[in-house]
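Presented below is the structure to which this report refers.
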Amino acid sequence: MRYYVAPLEGLTGTIFRRIHHRYFPGADKYYTPFLSPSHDHVFTKREKREILPEYNEGLPVVPQLLTRRAEDFLWAANRLFEMGYPEVNLNLGCPSGTVTAKGKGSGFLAFPEELDAFLAEIFAGAQGPVSIKTRLGIRDPEEFWPILECYNRYPVYELTVHLRVQKDMYRHPVRGEYLAPILAQSRNPVCYNGDLIRPGDLSALTNSFPGLEAVMIGRGLMADPALISVLQGGKPLERTTLRAFHDALYETYAQAFDSRRNAMLRMKELWFYLIHRFEGAERYGKQLRKASDPRDFEAAVERIFTELPLRPETVPGW
Ligand SMILES: Cc1cc2nc3c(=O)[nH]c(=O)nc-3n(C[C@H](O)[C@H](O)[C@H](O)COP(=O)(O)O)c2cc1C
C-alpha cells in the first residue's frame, strides 16, 4: 500500500511537510495545497516558498494546480517538471464556493465538454505525469460515470477519488458504495480518499478491496500525525514525540512569520483536529480555541500535554 498525505490548505504547507517528515517519516507522497497559476505566468513569492525545490529537499512532494485554463496549467506544470517534480496533480475536487463559482475545482465537473477539451490539451502538452484528484460530481454521485469515461480517455497517472460530491462538502458520509464500480471501471490507477481516521478504517477498506494500492489521508493525519507510520506497522503515537513535533512546528512557524501570534493562528488549524486525540479534550479545547494571546495558547497547550491522556486512537468530532 502507498500512503499519501492529502493537500490541506492552511495545514500541510512547506513547513508542516518538512517537520512532519522529520518526526513521522514514511509517507510516500505529500501533495501541496492547491496553487492557482495566474494568466501572467509568474509564480508569486508565496507560491515559490511552496514549490521551489530548496523548500522541499528530500521530501516526496507533488505540487497541485487548480485552474480551468489549459494554457495556465501547462505553463505551471511544465515549469514544475523542469524543477524536477516527478508528478503534478490537477484539483477537480475543491468544493469551496469561491472556487466553484469560477468553474474550478469540483465546479469544473459541471462542464463535461469543456473538461474533456481541457484534459485533451493538458495531456497532449504536459512534459511529465499528471494525476487528478476528483470528487464524484456536483449533486449526485451518479454524475460520475460520464466523468470517469472522460478520465478513461487520458493517461491519468493516478486518479485519487474523494468519494463525495460537491454539495456534501466535508461532512456527508463518504459514498463508499461507489468504490467497487469505480475500481472496476477506471482504466487508470485509483487512489482512495475520504475519512480514513483510525487504523481500523484502513483494515476495513483493504479487507473489502485487497487490490487497492494507494490511499490518501488528510484530517485523520492531522489528528494523529503518526497514523501513516502506524499503518506501516510502526509504534502508536507517543506523547513525547507529539510534543516535540508540535513545538518544532510552532517555533518554525513563529520564526518564518516573525510573529508568534500568526504562528498560533496556524497551530490552531492543526489543533482543530489534534484535540480529538486527547481524552477529555473539552476541558482545554475551548481555552485553546479562544486564546488571542500566544501566551494563553501556550499555557493551554502545556495543560493539554501535561494533564490529558492520549486516546488509544482518534475519536473524530469535527
Ligand atoms: C481545511 C481543508 C483544506 C483542504 N485543502 C485542499 C486542497 O488544497 N486541495 C485539495 O485537493 N483538497 C483539499 N482538501 C480536501 C482534502 O485533501 C481531502 O480530500 C478531504 O479532507 C477528505 O480526506 P480526509 O477525510 O482524509 O481528510 C482540504 C480539506 C480541508 C478540510
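Every number for a ligand or one of its atoms is a count from 1 in the order of the listing.
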For the backbone of Tyr151 and the side chain of Asn188, can you confirm whether one donor and one acceptor N or O come within less than 3.5 Å of each other?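 Yes, because the side chain of Asn188 sits within donor-acceptor range (under 3.5 Å) of the backbone of Tyr151.
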
Are the side chain of Asp28 and the backbone of Tyr4 linked by a donor-acceptor contact shorter than 3.5 Å?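 Absent.
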
Give the numbers and elements of all ligand 1 atoms closer than 4.0 Å to a heavy atom of [X].
X: Pro33; result: 8 (O)
X: Asn91; result: 9 (N), 10 (C), 11 (O)
X: Asp195; result: 24 (P), 25 (O), 26 (O)
X: Ile217; result: 26 (O)

Once you restrict to heavy atoms under 4.0 Å, what part of [X] touches ligand 1? Side chain, backbone, both or neither.
X: Glu269; answer: neither
X: Tyr170; answer: side chain
X: Lys133; answer: side chain
X: Asn193; answer: side chain
X: Arg219; answer: both

First locate atom NZ of Lys167, then atom NE2 of His172, and finally report the distance between them rounded to the nearest 0.5 Å.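 It comes to 5.5 Å.
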
[atom]: nearest protein contact (heavy atom, Å):
atom: atom 9 (N) of ligand 1; result: Gln64 OE1, 2.8 Å
atom: atom 1 (C) of ligand 1; result: Glu9 O, 4.0 Å
atom: atom 8 (O) of ligand 1; result: Phe34 N, 3.2 Å
atom: atom 13 (C) of ligand 1; result: Pro7 O, 3.0 Å
atom: atom 30 (C) of ligand 1; result: Leu8 CD2, 3.6 Å
atom: atom 31 (C) of ligand 1; result: Tyr273 OH, 3.6 Å

Check whether more than 12 heavy atoms from other residues, nucleotides or ligands sit under 6.0 Å from atom [atom1] of [X], and answer yes or no.
X: Gln185; atom1: CD; value: yes
X: Arg153; atom1: CZ; value: yes
X: Tyr157; atom1: OH; value: no

Got Met267 and His246 here, is their nearest side-chain heavy-atom distance under 4.5 Å?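 Yes, their side chains come closer than 4.5 Å.
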
Taking the side chain as every heavy atom from C-beta outward, state whether Met216 and Pro7 have any pair of such atoms under 4.5 Å apart.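 Result yes, sub-4.5 Å side-chain heavy-atom pair found.
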
Do [Y] and [X] meet the salt-bridge criterion of a basic N to acidic O distance under 4.0 Å?
X: Asp168; Y: Arg135; value: no
X: Asp195; Y: Arg164; value: yes
X: Arg243; Y: Glu238; value: no

Could you tell me whether [X] and ligand 1 have an N or O pair separated by under 3.5 Å?
X: Leu196; answer: no
X: Ala6; answer: no
X: Gly218; answer: yes
X: Arg164; answer: no

Assess Gly194 for proximity to ligand 1: is some non-hydrogen atom of it under 4.0 Å away?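 So Gly194 counts as touching ligand 1.
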
Going by the angle between their ring planes, with limits at 30° and 60°, are Tyr154 and Phe123 parallel, tilted or perpendicular?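 Because their plane-to-plane angle is under 30°, the rings of Tyr154 and Phe123 count as parallel.
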
